[in-house]
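Written below as structure tokens is the structure these notes are about.
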Amino acid sequence: MSAVSSLCPEIGGYVVAKFGGTSVANFDAMNSSANIVLANKEVRLVVLSASAGITNWLIALAEGCDADKRADYLKQIHTIQHAIVDRLHDSDVIRQEINRLLENIKALSEAASLATSDALTDELVSHGELMSTLLFTELLRQRGTDVEWFDIRKIMRTNDHFGCAEPDNIQLQSLVTEYLLPRLQNALVITQGFIGREEKGRTTTLGRGGSDYTAALLGEALNLKRVDIWTDVPGIYTTDPRVVPSAQRIDKIAFDEAAEMATFGAKILHPATLLPAIRCDIPVFVGSSKNPQAGGTLVCDTTAAPPQFRAIALRRKQTLLTLHSLKMLHAQGFLAEIFTILSRHNISVDLITTSEVNVALTLDTTGSTSKNGYLLTNALMTELSTLCRVEVEEDLALVAIIGNQLSQVRGLGKQIFDALEVFNIRMISHGASNHNLCLLVPGKDAEQIVQTLHQSLFE
Ligand code: ASP
Ligand code: MG
């Protein structure tokens, strides 16, 4: 039992509900989300993303743009948020608050047009979540709920890796007890996902889609009963239904399978979301706020009779680096040097294969708000080229087959590669985990490969 739940046992029976951008996109979406919150007395804490589209406009502003574009983007943001304000009654106070944030956005985006920085980007981007939470709080208040708006930055301390900051769980645990817990005892609390604060007080963000992660971290810190992730699809599917319309909903899936799916590009959950859930064994439910009756997927510790093939995930825009060096031959420490350089540049490696004098690796570009996820800076390339010759291939895609006991079944390779006979597979990674087999393929073939595999493995 965590410190919090022993302090306050009834809190442990509560649920944290997170609503994604489409679930707070406009007044009607917010109203449906409010229905979900009000229908379940166990929901005591609500975490929100920015209204759909807002984060993208804010990032565009943060990248610095000319006055015309700036005016256009500001107008888009203004329109989305004011359309919600206009549907609230007695809206003077909330209108003023939203206008004040819009003024901030304007000033910050003017600063960004002179000089951009990752810290400025995060400050700007955080306004999306600040606005959506203010609007949702007001909507619930007008529906007669005891509700309180809470600035998550009070408790979500992170490092200063802007755009993809890592939260400090130890501080979160004690700050939750100090600041959030007393509020939860009195009211329903609405707070922001995705944003945090570093040591010097500057706003940070946890990476694109990071609100899920916030919800799970709060679920862990408060030792809650469940984390509900409300989005625009009723659960997790065997693959993206936009790519394969016959994809099937998975009713129950184990943490490790779902974590693989999230890591390998299934857009349904932020990849880090399941870490806190796994650490303290809190089930995560994923459902659609537009259609809560449709049910959803429960992600939990174990499931009965896990199937051999669970899902296929697709991650686009992959880059392959092939490093050639004669120094690798019979040498020690070459990979260590390469990885040291990559880590100095904050790059995490995804897949890796080696041969006599080559190493091929793919980079993980998911999630950061900064630099469009473009990681191959001149500084990095220069440093690598002192050690080896570097070749870069772009426009690849990663197709991950997720399942159980995959490294133990016979005939797996035949089944997969027979189905993919006509395609060129650039790289294969298999065996590190029982739960995945990954294929790096030309980006242009990716969807067809997913469709072919889905048909062969699931239909
Ligand atoms: N609003 C942020 C984003 O679009 C965070 C989130 O949606 O979870 O990435
Ligand atoms: Mg989102």
Side-chain angles (χ1 to χ4, degrees), residues 16-26 29-30 33 45-63 73 76-77 80-81 84 98 101 105 108 118 121-136 151-153 156 158 161-167 190-197 203-219 227-233 236 262-263 265-277 284-290 315-317 364-373:
V16 50
K18 177 260 168 174
F19 293 90
T22 50
S23 304
V24 291
N26 50 47
M30 280 197 177
S33 299
L45 177 61
V46 173
V47 172
L48 300 184
S49 296
S51 302
I54 298 285
T55 306
N56 290 345
W57 295 119
L58 290 168
I59 289 178
L61 287 169
E63 278 163 1
Y73 299 164
Q76 308 275 1
I77 296 171
I80 295 173
Q81 307 289 235
I84 302 174
I98 295 296
L101 291 173
I105 294 173
L108 291 166
D118 292 343
T121 299
D122 280 0
E123 179 63 34
L124 244 172
V125 165
S126 69
H127 283 69
E129 271 68 15
L130 295 175
M131 292 190 289
S132 66
T133 47
L134 282 169
L135 291 164
F136 194 69
D151 188 335
I152 194 75
R153 292 172 296 183
M156 190 62 76
T158 72
H161 188 183
F162 295 101
C164 208
E166 195 41 54
I190 314 296
T191 195
Q192 306 78 37
F194 179 56
I195 68 176
R197 176 170 284 157
T203 299
T204 54
T205 62
L206 311 185
R208 292 306 304 268
S211 303
D212 299 342
Y213 190 26
T214 306
L217 287 166
L218 292 174
V227 178
D228 288 349
I229 305 283
W230 294 101
T231 164
D232 54 359
V233 279
I236 301 178
T263 306
K267 288 267 158 45
I268 198 94
L269 287 174
H270 180 277
T273 307
L274 292 171
L275 298 175
V284 175
F285 170 83
V286 181
S288 161
S289 66
K290 289 202 186 89
R315 193 156 82 194
R316 298 169 210 266
K317 291 202 201 131
D364 185 356
T365 51
T366 38
S368 180
T369 52
S370 59
K371 297 191 197 78
N372 291 325

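Count residues from 1 along the sequence. Counting starts at 1 for both ligands and their atoms, following the listed order.
- Each of the atoms 6 (C), 7 (O), 8 (O) of ligand 1 lies under 4.0 Å from some heavy atom of S49.
- Within the 3.5 Å criterion, the main-chain N or O of A50 finds a donor-acceptor partner in the side chain of E129.
- The residues K18 and D212 are annotated as salt-bridged, a charged nitrogen and a carboxylate oxygen being separated by less than 4.0 angstrom.
- Not counting sequence neighbours, the partners of A62 by the side-chain contact (heavy atoms from CB on, under 4.5 Å) test are T121, L124.
- At least one heavy atom of G210 sits less than 4.0 Å from an atom of ligand 1.
- Taking any N or O of D212, backbone or side chain, none lies under 3.5 Å from an N or O belonging to ligand 1.
- Considering backbone and side-chain N/O of F194, none are found under 3.5 Å from N/O of ligand 1.
- Partners of A272 under the side-chain contact (heavy atoms from CB on, under 4.5 Å) rule, at least two apart in sequence or in another chain, are Y213, H270, L275.
- Distances between N or O atoms of E129 and those of ligand 1 include at least one value under 3.5 Å.
- Although no hydrogens or angles enter the test, the distance criterion places no donor-acceptor pair under 3.5 Å between the side chain of T191 and the main chain of V47.
- Contact analysis puts G209 in contact with ligand 1, with a non-hydrogen atom separation below 4.0 angstrom.
- Between F19 and F136, the ring planes lie tilted relative to each other; the angle falls in the 30° to 60° range.
- Against a heavy-atom cut-off of under 4.0 Å, R208 is close to the following atoms of ligand 1: 3 (C), 4 (O), 9 (O).
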